[in-house]
Novice: 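Let me begin by handing over the structure; questions about it come next.
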Amino acid sequence: MKCTVMMAGLAASTLLFSLCVAEHPVVRDGKAVAVRYAGAAWDETSEGVAAEGTGRFLYADKALEAGDFRIAARLKLERLEGTAASFVLNDSHVGFDGRGKTLFVEGPLFGGVSQSLGAVEGVVQPGRMMLFEAIRTDGTTRFLIDGKEIYRKDDWNGPVQGIGLRPWRNRMTVASFELQGNLIDPPPLPTPCGEPLYVSGQDGYRTYRIPALAVTTQGTLLAFCEGRKNSASDTGDIDLLVKRSTDQGRTWSPQHVVWDDADNTCGNPCVVVEQETGTIWLLMTWNRGDDHEPQIIAQTSKDTRRVFVTHSTDDGLNWSDPREITADVKRDDWTWYATGPGSGVQIQHGPQKGRLVIPCDHIEAGTKRYYSHIIYSDDRGKRWQLGGSTPEHQVNECEVVELADGRLMLNMRNYDRSQKNRQVAVSEDGGLTWKDQRFDPALIEPICQAAIERLRWPSADSKSVILFSNPASRDGRVNMTVRASFDEGQTWTASRVLHAGPSAYSDLAVLANGDIGCLYEAGRTHAYESIVFARFPLLSLDGPEQ
């Protein structure tokens, strides 16, 4: 126990306060003392513990009760470009936005919105150690860098249960990190419901991401994902993988590589099963491993984003060589492009019966306008064509479902933060045109991919059921929730939380026995620890009689 009087900052408005509490070193003299790593352990260097990548966190092994505290870390960032490195308090962040070259706060602690705190220049210098502090006295919390206050929050005196550092796409080196305050053990971390199928750091890949799930005509489950060889980054050496289950997801095969193109990026799996032939079609995108998304969008990359398709005629055991279809499905004035990710559909009713539909998104050249669109095949997957795009932008990753009245509905990731909800649009011609784009007030989201799937068609004996899954939160990728609609997506009245903790992308499928399968990204400390498979009946959702 140590009594200290601290100077909270070096500005003219100097604030003095006294803490008679234990000092708790997390990192001292460049050595990890009392840490919890998420994603992977950090490296020990001559300057301190260091890490880079989107899936890696360094947390203190203690939490703080209500009352006064001081959190201090001496650290440096290798660069500012292309990063959102941050200090983590609960599910909120104080950080450095390299794209906008600003400081920011975001998350529930700060009202659930991202706020810019002004330019980084003159406050944060790449490659130079700086002292970051969060100091709370009498319910006022001040955030400082090298003694300069960058943000102040009043009227907050609650506990801080998760205290950590996030390098994001940067490289962060931490020389010291300590807590002072009323220390407590952090609460138990929630465990995802289901079985981890792909665990980051195992079987030759640093990170597994971007799940896609399908059930073949023989009832076999296929669980696809990206295997990211060396990091959690969206670019680099990324392979497409699959595991099979022939017993409703109780046991699984070893992972099999569907597509590996040396050090390049093979990703964005989007799968659809042609019901008459049983052929499984997998749509994918490719880019050079040394081309990054901002370069592709700015058209300064060495190559561009390309579209490929592969298929299996033996229930997912073997796959054809990927075939490029970029010229057929991508306009010349589009830069970024993504298939899915997740699942497509085969239309079951109406004049377009049999059409295969794959949801996609793109960016128009010279803009940062994201649109959703579809591609389709009317000859059971042999040829693919470009369908229609949404009338409004600020949407991208999407999935599609067929409605009982013959329309298609796109459900889309939304970048318009005036409303933190999914957006939807409908098509009356099998995806050639889209209209009535709107927000769905029931489906909140933190900007993340989601899945939609029909479980049951309406009949004289049963109601229609459409399923939806996503991290049901306005502020962060947490709270993976499966919802059900019994009125064709107009309302969502039943739900089940699969994981209250960190969670992100997901995909849904209906198993041969009628159960629901959900393949989703989740972990105890961050969303990219593993890809988990959960199976459960519709009756396990809380809601009205089904």
Side-chain angles (χ1 to χ4, degrees), residues 195 197-199 202-205 208-229 237-287 289 306-326 328-329 338-346 354 356-358 360 375-384 507-512 517 519 531 533 535:
E195 174 193 359
L197 287 192
Y198 297 95
V199 179
Q202 295 184 6
D203 299 323
Y205 293 89
Y208 297 97
R209 285 216 57 199
I210 321 300
L213 186 64
V215 178
T216 73
T217 54
Q218 298 183 39
T220 299
L221 268 170
L222 301 178
F224 300 90
C225 75
E226 295 181 3
R228 301 185 173 188
K229 185 73 73 173
D237 187 350
I238 297 177
D239 303 334
L240 259 172
L241 311 174
V242 68
K243 289 187 176 184
R244 301 172 70 252
S245 174
T246 57
D247 57 6
Q248 309 290 305
R250 295 178 181 88
T251 61
W252 294 84
S253 72
Q255 65 194 35
H256 171 75
V257 177
V258 176
W259 190 18
D260 176 1
D261 184 38
D263 296 334
N264 296 317
T265 299
C266 309
N268 275 84
C270 194
V271 60
V272 64
V273 179
E274 206 290 310
Q275 296 298 312
E276 182 172 309
T277 64
T279 301
I280 306 143
W281 293 95
L282 183 65
L283 282 292
M284 313 166 289
T285 50
W286 174 98
N287 57 264
R306 300 177 182 269
V307 190
F308 286 77
V309 62
T310 181
H311 71 277
S312 172
T313 57
D314 59 3
D315 207 44
L317 287 168
N318 296 283
W319 296 86
S320 66
D321 290 337
R323 171 170 58 93
E324 185 171 4
I325 57 170
T326 309
D328 299 321
V329 299
T339 46
S343 302
V345 298
Q346 183 170 33
L356 303 177
V357 179
I358 294 292
C360 303
I375 62 177
Y376 68 98
S377 173
D378 281 336
D379 57 5
R380 306 194 185 282
K382 294 178 183 178
R383 292 176 297 174
W384 292 88
D507 201 18
L508 293 162
V510 180
L511 279 57
L519 188 68
I531 295 178
F533 175 75
R535 49 171 290 173

Novice: Please round to the nearest 0.5 Å and tell me the distance separating atom CE of Met284 and atom CD1 of Ile210.
Specialist: 15.0 Å

Novice: Let me know which of Phe224, Phe308, Trp281 forms a ring pair (Phe, Tyr, Trp, His ring centres under 6.0 Å) with Trp319.
Specialist: Phe224

Novice: Mind checking side-chain contact (heavy atoms from CB on, under 4.5 Å) for Asp261 and listing every partner two or more places apart, or none if nothing turns up?
Specialist: Trp259, Asn264, Cys266, Trp286

Novice: Which heavy-atom pair separates Ala212 from Gly342 by the least distance, and what is that distance?
Specialist: CB-O, 3.3 Å

Novice: So how far is it from His256 NE2 to Leu240 CG, rounded to the nearest 0.5 Å?
Specialist: 11.0 Å

Novice: Considering residues at least two apart in sequence or located in another chain, which fulfil the ring-ring contact (aromatic ring centres under 6.0 Å, His included) criterion with Trp384?
Specialist: none

Novice: If you measure from SG on Cys360 to CG on Leu283, what distance do you get to the nearest 0.5 Å?
Specialist: 6.5 Å

Novice: Under the side chain to side chain contact (heavy atoms under 4.5 Å, CB included) criterion, do Leu197 and Leu519 qualify, and how do the steps go?
Specialist: CA-CA 9 Å; Leu197 287 192; Leu519 188 68; 3.8 Å; yes

Novice: Under the salt bridge (Lys or Arg N to Asp or Glu O under 4.0 Å) rule, collect the residues that match up with Arg306, sequence neighbours excluded.
Specialist: Asp303, Glu324

Novice: Can you name the residues that form a side-chain contact (heavy atoms from CB on, under 4.5 Å) with Asp321, not counting sequence neighbours?
Specialist: none

Novice: Does CZ in Arg323 sit with more than 12 non-hydrogen atoms of other residues, nucleotides or ligands closer than 6.0 Å?
Specialist: yes

Novice: Got a donor-acceptor contact below 3.5 angstrom from the Asn318 side chain to the Ser320 backbone?
Specialist: no

Novice: Hey, does the side chain of Thr339 reach the backbone of Asn268 with a donor-acceptor pair shorter than 3.5 angstrom?
Specialist: yes

Novice: For Thr313, does its backbone N or O pair with a side-chain atom of Thr279 as donor and acceptor, under 3.5 Å?
Specialist: no

Novice: Which residues pass the side chain to side chain donor-acceptor pair (under 3.5 Å) test with Asp315, not counting sequence neighbours?
Specialist: Thr216, Thr220, Arg244

Novice: Working to the nearest 0.5 angstrom, can you tell me the gap between Ile238 CD1 and Lys229 NZ?
Specialist: 11.5 Å

Novice: Does the side chain to side chain contact (heavy atoms under 4.5 Å, CB included) test come out yes or no for Leu221 and Leu511, once each step is laid out?
Specialist: CA-CA 8 Å; Leu221 268 170; Leu511 279 57; 4.2 Å; yes

Novice: Got a second to check how far Ile375's CD1 is from Ile325's CD1, nearest 0.5 Å?
Specialist: 4.5 Å

Novice: Give, for atom CD1 of Ile531 and atom CD of Glu195, the distance between the pair rounded to the nearest 0.5 Å.
Specialist: 13.0 Å

Novice: Taking side-chain contact (heavy atoms from CB on, under 4.5 Å) as the test, write out the residues that go with Asp263, two or more places apart.
Specialist: Asp237

Novice: Evaluate the criterion side chain to side chain contact (heavy atoms under 4.5 Å, CB included) for residue pair Val272 and Val357; output intermediate values, then yes/no.
Specialist: CA-CA 8 Å; Val272 64; Val357 179; over 6 Å; no

Novice: Side chain to side chain donor-acceptor pair (under 3.5 Å) with Thr246: which residues, sequence neighbours excluded?
Specialist: none

Novice: Once salt bridge (Lys or Arg N to Asp or Glu O under 4.0 Å) is applied, do any residues pair with Asp314, and if so which ones, sequence neighbours excluded?
Specialist: none

Novice: Looking at residues at least two apart in the chain, or sitting in another chain, which of them share a side chain to side chain donor-acceptor pair (under 3.5 Å) with Ser343?
Specialist: Asp507

Novice: Using atom types as modelled and distance alone, determine if a side-chain donor or acceptor of Ser253 lies under 3.5 Å from a backbone N or O of Lys243.
Specialist: no

Novice: Under the rule for side-chain contact (heavy atoms from CB on, under 4.5 Å), what residues qualify as partners of Arg380, not counting sequence neighbours?
Specialist: Glu274, Glu276, Thr277, Gln346

Novice: So, does Thr285 use its side chain to make a donor-acceptor pair with the main chain of Ala338 at under 3.5 Å?
Specialist: no

Novice: Among all residues two or more places apart in sequence or in another chain, which pass the salt bridge (Lys or Arg N to Asp or Glu O under 4.0 Å) test with Asp378?
Specialist: Arg355

Novice: Hey, mind stepping through Gln275 and Thr217 against side chain to side chain contact (heavy atoms under 4.5 Å, CB included) and telling me if it holds?
Specialist: CA-CA 6 Å; Gln275 296 298 312; Thr217 54; 3.7 Å; yes

Novice: Considering residues at least two apart in sequence or located in another chain, which fulfil the ring-ring contact (aromatic ring centres under 6.0 Å, His included) criterion with Tyr208?
Specialist: Tyr198, Tyr205

